[in-house]
Amino acid sequence: MNEDATQSSKPLPTPPPSPTHRVVLLQLLLIHSDYIEFEAKRPTKVAEDVPDDAKSGRLEEALCAFIAVEKYDEDDPQAVVAQASKEIADVATQVKAERVMLYPYAHLSSALSSPDTAVKVMKGLEAALAGEFQVMRAPFGWYKAFQLSCKGHPLSELSRSIRIGEGEVVSEALKAESKVVSHWKILTPEGKMVPVEDFDFTGHEKLQKFVRYEIEKARAVDRIPPHVELMRRLELVDYEPGSDPGNLRFYPKGRLIKALLENYVLDRAGDLGAMEVETPIMYDMEHPTLKKYLDRFPARQYAIDAEKKHLFLRFAACFGQFLMGHDMTVSYKSLPLRMIEITRYSFRREQRGELVGLRRLRAFTMPDMHTLCTDMKSAVEEFGKQYAASISVLDDAGLDLKDYEVAIRFTRDFYQENEDFVKSLVNTVKKPVLIETWDDRFFYFVLKFEFNFVDALDKASALSTVQIDVENADRYDINYIDADGAARRPIILHCSPSGAIERLMYALLEKEAMKAAAGEVPMLPVWLSPTQVRIIPVAERHQARAFQVAEALNFRVDVDDREETVGKKIRDAGREWLPYVVVIGDDELASGELTVTIRAKSQPKEPAKAGMTVDELRLRLQEETAGKPWRRLPLPQKLSERPKFV
RNA sequence: GCCUCGGUAGCUCAGCCGGUCAGAGCGAGUGACUUGUAAUCACUAGGUCGCGUGUUCGAAUCACGCCCGGGGCUCCA
C-alpha cells in the first residue's frame, strides 16, 4: 500500500478525491455558425424564470456552445465554469468568432445535474465570457425551437468534455495536508540531531542531493535517463504504445530479471516468517470499508465499469490483505503475523508528465507485506527487524548502503517515546540520515523509513520502506484475541522490503550507468544476468565442444553459433554485459581448459582473461549465485536462433 | 492536467525556409570467407515520412486537431 515503497520519495498523501468526486464533467458541443436563432416555446417544470425579451434571440457569426451540465459538476461548479469558459474562449478565438451563444442542451448527457446547478453554471459562463465576447444565453428548461447554420469548416464542429482533475477537488484529507508542518533535520550516527541548514554535507554529497530533492525540490534534467536507453538496448523492457502510458512490456530477458527479483524478495519474506497470499486486483468502489479508505488516500485510480459495479484497480495489496485480515480469527499466539503479496500489478494513474521509464509507472509490481503486532512495543521491535532485512535484500540485489540515502519520518510524540530506537536505526547504517518530524499525526502512520536511490540525474526515489500504521486496524475492523480472551486491535506494519521491482531494476541500471560514466565496466549481478556464460566457438569444428561445456556448466549458458567473426561476437557479448565469456578454439580443444574473460575484473579496453577448467568455472558460478533463485535461460541457447526484440 | 521539445526503414538519425527528398549507418536476408578477444566483404529487400484534416498546382517540409515519447510545471502513501 505504500507509495513510498515503490513509487515516490515523499511521504505526504495524495490529496484524496473521494470516489464520488472522481469525475467532474461538462459536455460541450461547439458549432461555428453563420447564424443561430432560437425561440422558447413553453416551459418545462424545471424552467428558469426569464423576462419575455430573453425568450428568443439571434446571433450572426457566432460560436454556438451547446452545453449539458452533469451531475458531477455539482461538486465544484466554479471550477467547471472556469474550465469550460476557457475552452469556449479558446475555440472562439481560434475560429475568430466575436459572438458566443450559450445554449443548454440536456441531451448531451445521461447524468444531468440538478437544474439549480445547471442554471448557476450557465450564468457563470455568461459572466465569464461577457468581457471578451458578445454573449447571449438561451433560457434553461424551456422547449425551444432553433435554427442553426453551421459553417462546415474543419473547426466548425467540436465537442468537448470538460474534466476537472481530481486534485482540484478539495477533500478533507487535502485540507489536512495543507496544515502539515514538517521539520527537517539530519541525525548522525553519533546521535546528534542537526537542522539541515546547519549540517556540513562534506563527504555526504548524495545525502545532500537527496535532501535538496526532498525539501527544495531541486530538479535539473536535460536528457533521457540512462536506464531508459539501457532497458531497451539490453532488450529488457520497452514502452507499449498500444497500452496506457506507464504500462510496459517485458521482453524475455527483462521478464527473467524481474521474476528472479520477485522470487528473491518472496524467499526473503518467507525467511522472516511471511505467508504468501494473492488477492484481487479490482475492488468495488461502493464497498463501505473501501469507500472510507479511498476517501482517506487514493492515488489516482483506474476505474472500470462492469455490469452493475463500479470498480477500481488496486494501487497496493492493502485492500485484499486487510479484508482478509478482517475475516480471520487470530490469536495473540499467531502474532506477529505476516502476509505478503507481490502485486502484479499495482495501478496508479500517475500524471502523464511524471511517468519515466522504469522509475515511475502506472502499472508496477510491488512486494507488499503487512504484519499484525500485538502492541506498539512489538511493532517497534518488528520494525527494526524489517529495517535490517530491507538493507540485506537490497544488498543482495546489488545495492549497498553507499547507493541509497535513508529517510526516517515520525510524529513528535513517537520520537519522545522511542528516541533510542530511532537513533539505533541510524547507527545501523553508520551514516547521517534525513529526519522529518510532524507535530501532529496527519497520516495513518507514526513512523516510517525509506531507502532512497539517487540516480544518474540526481533524482531521488524510494525503494524499501516500512511504516507503523495505527489507523487501519480500526478502519477495517481487524482484531486478535488476547490471552485474556478479549478482542484487541493490532498495530499494523506495512513493508516493502525492496520497493517496486521495476524500480529496483531502474536503480540497478542507473547504478551501472553511473559506473560506466566513471570509467568502470558496467554489469548486473551474476545471479540476475540473463546469460551467465557465453561460449564462443572459433570455427564450426569447435561447436560440439561448446555445447558440451554449456551442458556441463549447467547455468544460464548460451552459444554464439552465428556466422560472425570472433571479434564481432566478443564485442556483442560485451555490449550485453556478459559476466563470463568463454572462447573455444583449437587450443582449448587440445588442452581441455577454458579461456574465460571475466567481466567483473575487466577494465574498459582491457579484458581480464583467465584459464580455468569447466569445474572451476562452475564452482565460481555456484559461489556467486548461492542462495539466490534460479531460472533457466530465457531465450534459445543458440544465438543463431534468437529473434531481435528491439 | 498544463508548458515545451521530438516522432522519417526493425534501430539510431540526416533531409524539413514546399518542387529528383524518400536517404545513410547499424540490423535483417543471400553469397563469399572458417575466422582467436570491441564491428570481414559484397549484394538484396524494407518506409501510408506517427495519425487525421486543411492550405497549395504541388506537403516528410506550412497550419490545426489527435496519438505516442523525452523534459519542465504540477504532483509524488
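Predicted model, so just to flag it, every value in this text is computed and none were measured.
Base pairing annotation: B:G1 forms a Watson-Crick or G-U wobble pair with B:C73, both donor-acceptor distances under 3.5 Å. Judged by Watson-Crick or G-U wobble contacts below 3.5 Å, the nucleotide B:U20 has no partner. Searching all strands for a Watson-Crick or G-U wobble partner of B:G52 with both distances below 3.5 Å returns B:C64.
A:Gly585 comes within 4.0 angstrom of a base, heavy atoms only. At the heavy-atom level, A:Gly242 lies nowhere under 4.0 Å from the strands shown. Residue contacts for A:Val566: at a heavy-atom cut-off of 4.0 Å it reaches the sugar-phosphate backbone alone, with no base atom in range. Across all strands, A:Arg233 comes closer than 4.0 Å to no nucleic acid atom at all (heavy-atom distances). Within 4.0 Å of A:Val356, counting heavy atoms only, lie sugar-phosphate atoms of the nucleic acid but no base atom. Within 4.0 Å (heavy atoms only), A:Glu229 reaches no atom of the nucleic acid at all. When heavy atoms are screened at a 4.0 angstrom cut-off, A:Arg232 is found touching the sugar-phosphate backbone but no base atom. Nucleic acid contact class of A:Asp572 (heavy atoms, under 4.0 Å, all strands): none. Here A:Lys609 lies in heavy-atom contact (under 4.0 Å) with a base.
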What protein N or O atoms touch nucleotides 25-32 of chain B N or O atoms at under 3.5 angstrom, if any, and at what distances?
unit_1	atom_1	unit_2	atom_2	d
B:G27	OP1	A:Lys568	NZ	2.9

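Partners of A:Phe250 under the ring pair (Phe, Tyr, Trp, His ring centres under 6.0 Å) rule, at least two apart in sequence or in another chain, do not exist in this structure. With sequence neighbours excluded, the residues that form a ring pair (Phe, Tyr, Trp, His ring centres under 6.0 Å) with A:Phe410 are A:Tyr415. Checked against ring pair (Phe, Tyr, Trp, His ring centres under 6.0 Å), A:Phe547 has no partners two or more places apart in sequence or in another chain. Among residues two or more places apart in sequence or in another chain, the side chain to side chain contact (heavy atoms under 4.5 Å, CB included) test is passed with A:Ala516 by A:Pro522.
The aromatic rings of A:Tyr251 and A:Phe645 lie tilted to each other, with the angle between the two planes from 30° to 60°.
We find that CG of A:Leu361 is positioned 10 Å from P of B:G70, with the value rounded to whole Å. We find that NZ of A:Lys459 is positioned 14 Å from P of B:C76, with the value rounded to whole Å.
Judged purely by atom type and a 3.5 angstrom limit, A:Glu382 has no side-chain atom pairing as donor or acceptor with the backbone of A:Thr371.
With respect to A:Phe312, the ring-ring contact (aromatic ring centres under 6.0 Å, His included) criterion is satisfied by exactly one of A:Phe347, A:Phe319, A:Tyr302: A:Phe319.
Each of A:Ala539 and A:Gly567 has a nearest nucleotide on RNA chain B; the 5'-most of these lies closest to A:Ala539.
Near-neighbour residues of RNA chain B inside residues 590-601 of chain A, defined by a heavy atom below 4.0 Å, number-ordered: A:Thr595, A:Thr597.
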